[in-house]
Amino acid sequence: MNLTEHEKWLINFYKQRNWYQYSPFIRLNYLSEETGELSRAIRAIEIGRDHPGDKQLSSIKKRDNLQEELANILDQLLIFCSKYNIDPNCLLSASENKLKKRFPE
């Protein structure tokens, strides 16, 4: 599945559950929450967890969790793209163009 196919699937999935209706302002809070979860996943990989209630995870489980959190953030970004009618594939070239302008070779 490519990015465009996933975006279409995701929008349908969200609409079926009445989640798509939330405004971008509300959705930004979901993105913030997912960013915190990504931070926790990276911390677990890089420096470990220092909480007595957390069980130790294997390296594979930590990587799986990191991948899941990155996917959650990607999904929120794809919903933003849909809400603002932006082709997510255009983000790739926009990023590259911006960096090339800022840091010419």
Pairing residues for Arg40 by the salt bridge (Lys or Arg N to Asp or Glu O under 4.0 Å) criterion, not counting sequence neighbours: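 Salt bridge (Lys or Arg N to Asp or Glu O under 4.0 Å) list for Arg40, sorted by chain: Asp54.
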First locate atom [atom1] of [X], then atom [atom2] of [Y], and finally report the distance between them rounded to the nearest 0.5 Å.
X     : Y     : atom1 : atom2 : value
Glu68 : Lys61 : CD    : NZ    : 11.0 Å
Leu91 : Phe80 : CG    : CZ    : 12.5 Å
Met1  : Glu7  : CE    : CD    : 12.0 Å
Ile26 : Trp19 : CD1   : CH2   : 15.0 Å
Asn2  : Lys8  : CG    : NZ    : 8.5 Å
Asn65 : Lys62 : CG    : NZ    : 10.5 Å

Grab the two heavy atoms, one from [X] and one from [Y], that are nearest each other, plus how far apart they are.
X     : Y     : answer
Glu37 : Asn72 : OE1-ND2, 4.5 Å
Ser82 : Ile11 : OG-CD1, 3.1 Å
Leu10 : Asp75 : CD2-O, 3.4 Å

More than 12 foreign heavy atoms under 6.0 Å from [atom1] of [X]: is that the case here?
X     : atom1 : answer
Gln56 : CD    : no
Lys83 : NZ    : yes
Leu99 : CG    : yes

By side-chain contact (heavy atoms from CB on, under 4.5 Å) - contacts of Ile73 (at least two apart):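 With sequence neighbours excluded, Ile73 shows a side-chain contact (heavy atoms from CB on, under 4.5 Å) to Leu31, Glu34, Thr35, Leu38, Leu77, given in chain and number order.
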In chain order, what residues pass the side-chain contact (heavy atoms from CB on, under 4.5 Å) check against Leu3, with sequence neighbours excluded?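 side-chain contact (heavy atoms from CB on, under 4.5 Å) check on Leu3 returns Leu74, Leu78, Pro88, Asn89.
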Holding to ring pair (Phe, Tyr, Trp, His ring centres under 6.0 Å), I want the full list of residues that pass it with Tyr22, two or more places apart in sequence or in another chain.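 Here no residue qualifies.
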Give every residue pair that meets the side-chain hydrogen bond (donor to acceptor under 3.5 Å, both in side chains) criterion with at least one member in residues 95-105, sequence neighbours excluded.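 For residues 95-105: Glu96-Lys100.
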Honestly curious: do Leu28 and Tyr14 fall in one hydrophobic cluster under the side-chain, below-4.5 Å linking rule?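 Unlinked, Leu28 and Tyr14 end up in two clusters.
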By the salt bridge (Lys or Arg N to Asp or Glu O under 4.0 Å) test, which pairs, at least two apart or in different chains, include something from residues 11-23?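 Residue pairs passing salt bridge (Lys or Arg N to Asp or Glu O under 4.0 Å), neighbours aside: none found.
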